[in-house]
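This is the structure, below, for whatever I ask next.
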Amino acid sequence: MKYINNRLTIENVNFQKIANKFGTPIYCYSYFKLRENINKFRKNFKSFSPLICFAVKSNTNINLIREIKKFGLGADVVSMGELMLALKAKISPSKIVFSGVGKTSHELSFAIKKRILLINAESLSEIKEINRIAKLKKKKVRIGIRLNPNTDAKTIKQISTGKKGNKFGVNKNTFIKIVDYCKKSNNINLRCLSVHIGSQILDYKPYKKMLNAVSDILKKVDHEFEFIDLGGGMGITYSDKNKNLDYKKYNKAILNFLNKHQVKIIFEPGRSIIGNTGILISKIIYIKDSGKKKFIILDAAMNDLMRPALYGAIHKTLPVTKSSKVSKKIYEFVGPICESTDKFITLKGFQELNEKDLIAICDVGAYGMSLSSNYNLRPKPVELLIKGSKIKVIKKRQKYKEFI
Ligand SMILES: *Cc1c(COP(=O)(O)O)cnc(C)c1O
């Protein structure tokens with residue numbers, strides 16, 4: 001994405017043109033950025049060729065999943081819906097892992113029927129349920145157990161998942177008990193230990209601690225694991241102040257780990273694959289001067305992009321047409337929804353804006369559209385995939401008749 005003649009462009013098309021044609025708000029994704037992200041991710045860990053399972057919850061557009069599949073990735077799913085979507089995108093069941101703390105019997109049965117690579121279980125009760133269903137079906141089911149390694153991911157509190165107080169995974173003692181249970185079962189094939197300590201992680205040290213915790217427990221239990229699933233969570237740079245995750249150091253820590261344990265590594269990245277490929281384009285409906293600040297009232301709202309309202313996430317916000325006039329007032333970018341949390345960002349020293357101008361909200365490819373809703377009965381935006389000069393509609397704008 002860059003400015004050409006003061007107009008913001010994605011690959012070879014400018015956003016003004018896209019907006020004229022498709023209306024606003026719009027989610028746009030860059031095909032080449034997606035390809036670059038996947039290639040980079042692979043390269044970072046090429047010394048041990050991990051299985052990379054894209055975390056479908058970060059973006060559930062089937063056309064994007066199809067592209068991701070073409071690059072050879074598998075899928076990490078957290079519900080029957082996501083599992084069905086991954087299968088529909090033709091991802092091989094042998095590359096699908098199923099995570100989540102509350103898989104229902106129905107979901108487990110379906111996953112067992114589809115013979116996916118792994119069901120990553122998160123409690124003894126879940127494993128007993130898998131065992132019951134597998135016995136009924138006279139099958140042996142490959143599973144993983146998710147360990148809660150009690151490591152602080154040093155990320156936003158709401159997206160931290162690997163600490164003692166979090167609902168995810170099981171603690172060391174339970175883990176050991178579960179391994180014993182699995183060994184006694186004829187219907188469970190325990191193949192994997194999984195961890196996932198959180199999202200938007202920018203410091204490699206929590207990962208190193210996590211690996212140490214995994215290493216400790218592997219020494220304690222007498223069982224050979226084929227896979228260690230290290231989850232996802234790799235952070236991206238939402239603001240220029242962010243520092244990047246040091247992949248070299250993370251890779252080195254994993255290589256160290258692999259020296260001690262002969263296992264295959266699985267990753268479940270979502271954000272780091274798709275996050276910075278997406279941009280939300282929105283039009284200013286009104287500008288309201290409230291004295292100290294101006295409210296920039298956009299036609300996109302928290303139902304389209306929930307992250308700022310949900311956990312105070314910051315998204316870089318840019319004008320689609322650049323000018324040199326700087327506004328003296330503070331701008332607060334808000335949506336039309338009847339909630340005070342329906343705001344995106346407050347900025348000082350932004351350029352002078354006018355009603356009907358277009359705004360680009362950056363890095364919304366992950367947990368953008370997938371967290372969107374019809375709140376206030378607003379239709380969901382159109383999604384476009386840009387490849388060079390080509391624009392492909394990968395999801396049509398929702399019509400009112402679809403929900404009224
Ligand atoms: C959400 C989630 C992921 C993906 O996390 P990112 O931060 O998007 O990489 C991976 N694994 C599990 C189990 C998850 O819940």
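Atoms within a ligand are numbered from 1 in the order they appear, just like the ligands themselves. Just so it is clear, the model here is predicted, and its values are computed rather than measured. As a basis for the values below, the full set of heavy atoms in this structure was taken, side chains included, without hydrogen atoms, waters or symmetry mates.
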Using a 3.5 Å cut-off on N or O atoms only, is Ser58 in polar contact with ligand 1?
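No; every N/O pair is 3.5 Å or more apart.
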If you measure every N or O of Ser272 against every N or O of ligand 1, does any of those distances drop under 3.5 Å?
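Not met; the criterion fails.
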Any idea which of Met234, Glu122, Lys57 brings a heavy atom closest to atom 2 (C) of ligand 1?
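Among Met234, Glu122, Lys57, the closest heavy atom to atom 2 (C) of ligand 1 comes from Lys57.
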When the ring planes of Phe45 and Tyr250 are compared, do they come out parallel, tilted or perpendicular, using 30° and 60° as the limits?
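Aromatic pair Phe45/Tyr250 classed perpendicular.
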Give a yes or no answer on whether the side chain of Lys396 reaches the backbone of Val393 with a donor-acceptor pair at less than 3.5 Å.
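Checked: no pair found.
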Between Phe41 and Phe267, how do the two ring planes meet: parallel, tilted or perpendicular, split at 30° and 60°?
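Judged by the thresholds at 30° and 60°, the geometry between Phe41 and Phe267 is perpendicular.
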Please say whether Gly198 places an N or O atom under 3.5 Å from an N or O atom belonging to ligand 1.
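No, Gly198 has no N/O under 3.5 Å of an N/O on ligand 1.
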Please compare Tyr367, Phe168, Phe267 and report which has the shortest non-hydrogen distance to atom 8 (O) of ligand 1.
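The nearest heavy atom belongs to Tyr367.
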At less than 4.0 angstrom from any non-hydrogen atom of Arg271, what atoms of ligand 1 do you find?
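This gives 6 (P), 8 (O), 9 (O) as the contact atoms.
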Which protein heavy atom lies closest to atom 7 (O) of ligand 1, and at what distance to 0.1 Å?
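Atom 7 (O) of ligand 1 sits closest to the protein heavy atom Ser199 OG, 2.2 Å.
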Mutual orientation of the aromatic rings belonging to Tyr27 and Tyr29 [parallel < 30°, tilted 30-60°, perpendicular > 60°]
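Correct class here is parallel.
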Using heavy atoms and a threshold below 4.0 Å, how should the contact between Thr161 and ligand 1 be classified: side chain, backbone, both, or neither?
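It is neither; nothing of Thr161 touches ligand 1.
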Shortest protein contact, atom 11 (N) of ligand 1 (heavy atom only)
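The closest one turns out to be Glu268 OE1, 2.5 Å.
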Which atom pair, heavy atoms only, marks the closest approach of Thr317 to His315?
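Of all heavy-atom pairs spanning Thr317 and His315, the closest is OG1-O, 3.0 Å.
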Name the orientation class of the two ring planes belonging to Tyr331 and Phe333 (parallel below 30°, tilted from 30 to 60°, perpendicular beyond 60°).
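Ring orientation of Tyr331 relative to Phe333: perpendicular.
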With respect to atom 6 (P) of ligand 1, which of Ser99, Gly275, Ala153, Gly233 exhibits the smallest heavy-atom separation?
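It is Gly233 whose heavy atom sits nearest to atom 6 (P) of ligand 1.
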Please check if the side chain of Asn44 supplies one atom and the backbone of Lys248 the other of a donor-acceptor pair under 3.5 Å.
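No, Asn44 side chain to Lys248 backbone: no donor-acceptor pair under 3.5 Å.
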Tell me, which pairs form a salt bridge (Lys or Arg N to Asp or Glu O under 4.0 Å) where one or both residues lie in residues 130-146, sequence neighbours left out?
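Every pair satisfying salt bridge (Lys or Arg N to Asp or Glu O under 4.0 Å) with a residue in residues 130-146: Glu122-Arg146, Glu129-Arg132.
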Compute the shortest N/O to N/O distance between Arg146 and ligand 1 and return yes if it is under 3.5 Å, no if not.
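No - when backbone and side-chain N and O of Arg146 are compared with those of ligand 1, no distance drops under 3.5 Å.
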Determine, using heavy atoms of Pro269 and all atoms of ligand 1, whether some pair is separated by less than 4.0 Å.
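True for this residue.
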